[in-house]
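Scroll down for the structure; my scribbles are underneath it.
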Amino acid sequence: MPALSRFLRYFIAVGRLGSIRRAADDLNVSASAIDRQILNVEANLGMPLFERLPTGLRLTAAGEIMMAAGTKWQKNMADVRAQIEDLRGLKRGHVDIAVIDALAKGYIPAAIQALHSKYPGITIGVRVLENDAVRQATVRGEVDFGIFFEPQTVRDLAVRAFVEVVLGFVTPTGHPLGTRREARFSSCVGSKLIVPAEPLAVYEQISVLEGTTGVAIDRAVSSDNIQMITSLVTQGVGIGILTSLDVITEVRRGILSFTKISDTILRPMTLALCTASARTPSYAAGIVLQEIENGFPQLSYPISIDGPAGP
């Protein structure tokens with residue numbers, strides 16, 4: 001192993017675990033070897049990478065810069081190895097993706113299952129994050145691609161595919177409101193509501209609706225977890241307000257109904273499949289991207305009741 005890659009492997013482990021001893025146990029090497037590598041680089045740089053504290057080691061400002069660079073270097077080396085294997089005709093490699101909570105069920109798990117069947121040599125890491133965290137992870141190149149609402153930094157992002165989703169009322173099957181395709185926001189007056197809380201992306205849209213319509217809603221429950229909101233609606237606690245994407249799986253299974261909120265102040269939300277502009281996807285990432293991109297249109301509104309749950 002080259003000296004630089006050995007140092008970075010040791011350094012990242014110490015930075016992650018906060019201890020040379022724990023890093024040594026994790027990597028199955030001697031603590032003195034790790035300490036020597038770090039001290040040599042600190043001497044060459046002329047500044048410490050870690051603060052030596054009684055409770056362990058903490059990254060300095062220089063260490064934080066080294067950690068960011070080292071993590072990126074590791075990812076780039078993984079891409080290089082994947083591309084070299086591509087030249088040998090091997091469909092192998094590891095792909096990291098980040099998605100919002102609404103995609104933790106339904107389409108993405110089904111897409112991964114299909115990919116695993118077709119390309120067993122490709123492994124996939126999935127990070128489920130808050131919307132802006134997915135955007136940032138994609139821009140910084142921490143993942144091969146991300147799926148999230150409202151891409152804003154177009155300069156740093158390449159949009160591979162997008163669909164529009166809308167805000168609406170979510171009700172148990174058979175609820176009178178659920179028989180309507182569209183309804184005004186004021187239709188919920190007199191009903192107990194289960195609404196999203198920050199940092200969910202739709203929280204601001206509900207605030208806009210309240211402010212522009214003057215409708216005072218009865219918040220029975222608020223939650224920052226989509227699964228919790230859909231479960232409470234299913235239990236009959238109240239009417240939920242979510243996007244068509246959030247409940248696409250339950251609607252297709254006939255468990256819940258979705259009614260679009262038709263107030264003109266609302267505009268559709270854009271769900272985008274993005275990569276970092278400065279990064280060229282590896283061969284393995286390209287395969288996964290293409291598979292997910294092919295089925296992306298099924299995530300759009302209106303929800304097709306007979307539509308597929310996955311690719």
Side-chain angles (χ1 to χ4, degrees), residues 99-110 128-131 134 147-150 163-213 215-263 265-269 271 298-310:
V99 301
I100 56 175
D101 184 53
L103 293 170
K105 54 182 172 55
Y107 175 66
I108 292 299
V128 180
L129 305 171
E130 181 268 328
N131 194 73
V134 176
I147 306 176
F148 54 94
F149 282 123
E150 306 299 344
V163 295
E164 290 187 338
V165 300
V166 299
L167 194 68
F169 298 116
V170 181
T171 53
T173 302
H175 190 285
L177 184 57
T179 62
R180 301 163 63 180
R181 183 178 178 83
E182 298 184 359
R184 303 278 294 180
F185 184 57
S186 56
S187 300
C188 68
V189 172
S191 300
K192 293 186 179 299
L193 295 184
I194 306 164
V195 297
E198 292 184 292
L200 291 179
V202 297
Y203 170 82
E204 291 184 3
Q205 284 203 319
I206 296 173
S207 298
V208 168
L209 277 170
E210 288 184 280
T212 56
T213 64
V215 172
I217 62 176
D218 182 0
R219 284 178 166 79
V221 184
S222 61
S223 175
D224 63 356
N225 183 273
I226 292 168
Q227 185 57 55
M228 175 60 70
I229 295 172
T230 56
S231 295
L232 289 169
V233 173
T234 304
Q235 292 295 321
V237 175
I239 294 172
I241 301 181
L242 289 170
T243 73
S244 53
L245 177 71
D246 296 323
V247 293
I248 194 167
T249 302
E250 291 81 3
V251 171
R252 284 180 175 152
R253 290 176 180 172
I255 299 170
L256 296 173
S257 298
F258 181 83
T259 302
K260 176 186 175 182
I261 296 175
S262 59
D263 296 61
I265 189 66
L266 286 180
R267 62 176 180 83
M269 299 175 69
L271 179 75
Q298 69 183 262
L299 298 175
S300 65
Y301 178 83
I303 301 171
S304 172
I305 301 301
D306 297 323

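Since we're looking at a predicted model, the values are computed, not measured.
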**Prompt:** Would you say Ser222's side chain and Ala197's backbone share a donor-acceptor pair under 3.5 angstrom?
**Reply:** no
**Prompt:** Minimum heavy-atom separation for Ser223 to Ile229, with atom names?
**Reply:** O-CD1, 3.7 Å
**Fill in**
Shortest non-hydrogen pair, Arg181 vs Tyr301, comes out as O-OH, 3.9 Å
**Message:** Rounded at 0.5 Å granularity, tell me how far OG in Ser244 sits from CG in Leu299.
**Reply:** 9.0 Å
**Request:** With the side chain counted from C-beta on, respond yes when Pro199 and Asp224 share a heavy-atom pair under 4.5 Å apart, and no when they do not.
**Result:** yes
**Message:** Within this structure, what is the CG-CD distance for the pair Leu232 and Gln227, rounded to the nearest 0.5 Å?
**Reply:** 10.0 Å
**Item:** Side-chain touch Val165/Phe149, heavy atoms, less than 4.5 angstrom
**Value:** yes
**Complete:** Shortest non-hydrogen pair, Pro268 vs Glu150, comes out as O-OE2, 4.1 Å
**Request:** Can you spot which of Thr171, Val170, Ile194 makes a side chain to side chain contact (heavy atoms under 4.5 Å, CB included) with Ile239?
**Result:** Thr171
**Message:** Any non-hydrogen side-chain atom of Arg184 less than 4.5 Å from a side-chain atom of Ser262?
**Reply:** yes
**Message:** Looking at Glu204, I want to see if its CD is surrounded by more than 12 non-hydrogen atoms of other residues, nucleotides or ligands under 6.0 Å.
**Reply:** no
**Prompt:** Which heavy-atom pair separates Ala104 from Pro109 by the least distance, and what is that distance?
**Reply:** O-CG, 3.5 Å
**Item:** Student check: side-chain heavy atoms of Pro196 and Leu242 closer than 4.5 Å
**Value:** yes
**Asked** Under the 3.5 angstrom rule, does the side chain of Asn131 hit a backbone N or O of Ala201 as a donor-acceptor pair?
**Response** no
**Message:** Please report the interatomic distance CG(Asp101) to CD1(Ile226), rounded to the nearest 0.5 Å.
**Reply:** 4.5 Å
**Request:** Starting from the C-alpha separation in whole Å, work towards a yes-or-no answer on side-chain contact (heavy atoms from CB on, under 4.5 Å) for Leu271 and Ile147.
**Result:** CA-CA 7 Å; Leu271 179 75; Ile147 306 176; 3.9 Å; yes
**Asked** With side chains defined as the heavy atoms from C-beta onward, is the minimum distance between Ile206 and Arg219 less than 4.5 Å?
**Response** yes
**Fill in**
When Leu245, Val247, Ile241 are each screened for side chain to side chain contact (heavy atoms under 4.5 Å, CB included) with Thr243, the one that passes is Leu245
**Message:** Taking CD1 in Ile255 as the centre, count heavy atoms belonging to other residues, nucleotides or ligands within less than 6.0 Å. Is the count above 12?
**Reply:** yes
**Item:** Any Lys260 side-chain heavy atom under 4.5 Å of Leu266 side chain
**Value:** no
**Item:** Minimum heavy-atom distance between Asp263 and Ala183, given as atom pair plus value
**Value:** OD1-O, 4.4 Å
**Message:** Once rounded to the nearest 0.5 Å, what's the spacing between atom CZ of Phe169 and atom OG of Ser187?
**Reply:** 5.5 Å
**Message:** Ser186 vs Thr213, test: side-chain contact (heavy atoms from CB on, under 4.5 Å). Steps then yes/no.
**Reply:** CA-CA 8 Å; Ser186 56; Thr213 64; over 6 Å; no
**Request:** Please report the shortest heavy-atom distance between Thr230 and Glu250, naming the atom on each side.
**Result:** OG1-OE2, 4.4 Å
**Item:** Trace of the side-chain contact (heavy atoms from CB on, under 4.5 Å) decision for Val166 with Phe258
**Value:** CA-CA 10 Å; Val166 299; Phe258 181 83; 3.8 Å; yes
**Complete:** d(Gln205 CD, Arg267 CZ) to nearest 0.5 Å is 7.0 Å
**Message:** What's the separation between atom CG in Leu177 and atom OG1 in Thr259, rounded to the nearest 0.5 Å?
**Reply:** 4.5 Å
**Item:** Side chain to side chain, Val215 and Leu209, heavy atoms closer than 4.5 Å
**Value:** no
**Asked** Short question: side chain of Ser300, backbone of Val163 - any donor-acceptor pair under 3.5 Å?
**Response** no
**Prompt:** Any side-chain heavy atom of Val233 sitting closer than 4.5 Å to one from Pro172?
**Reply:** yes
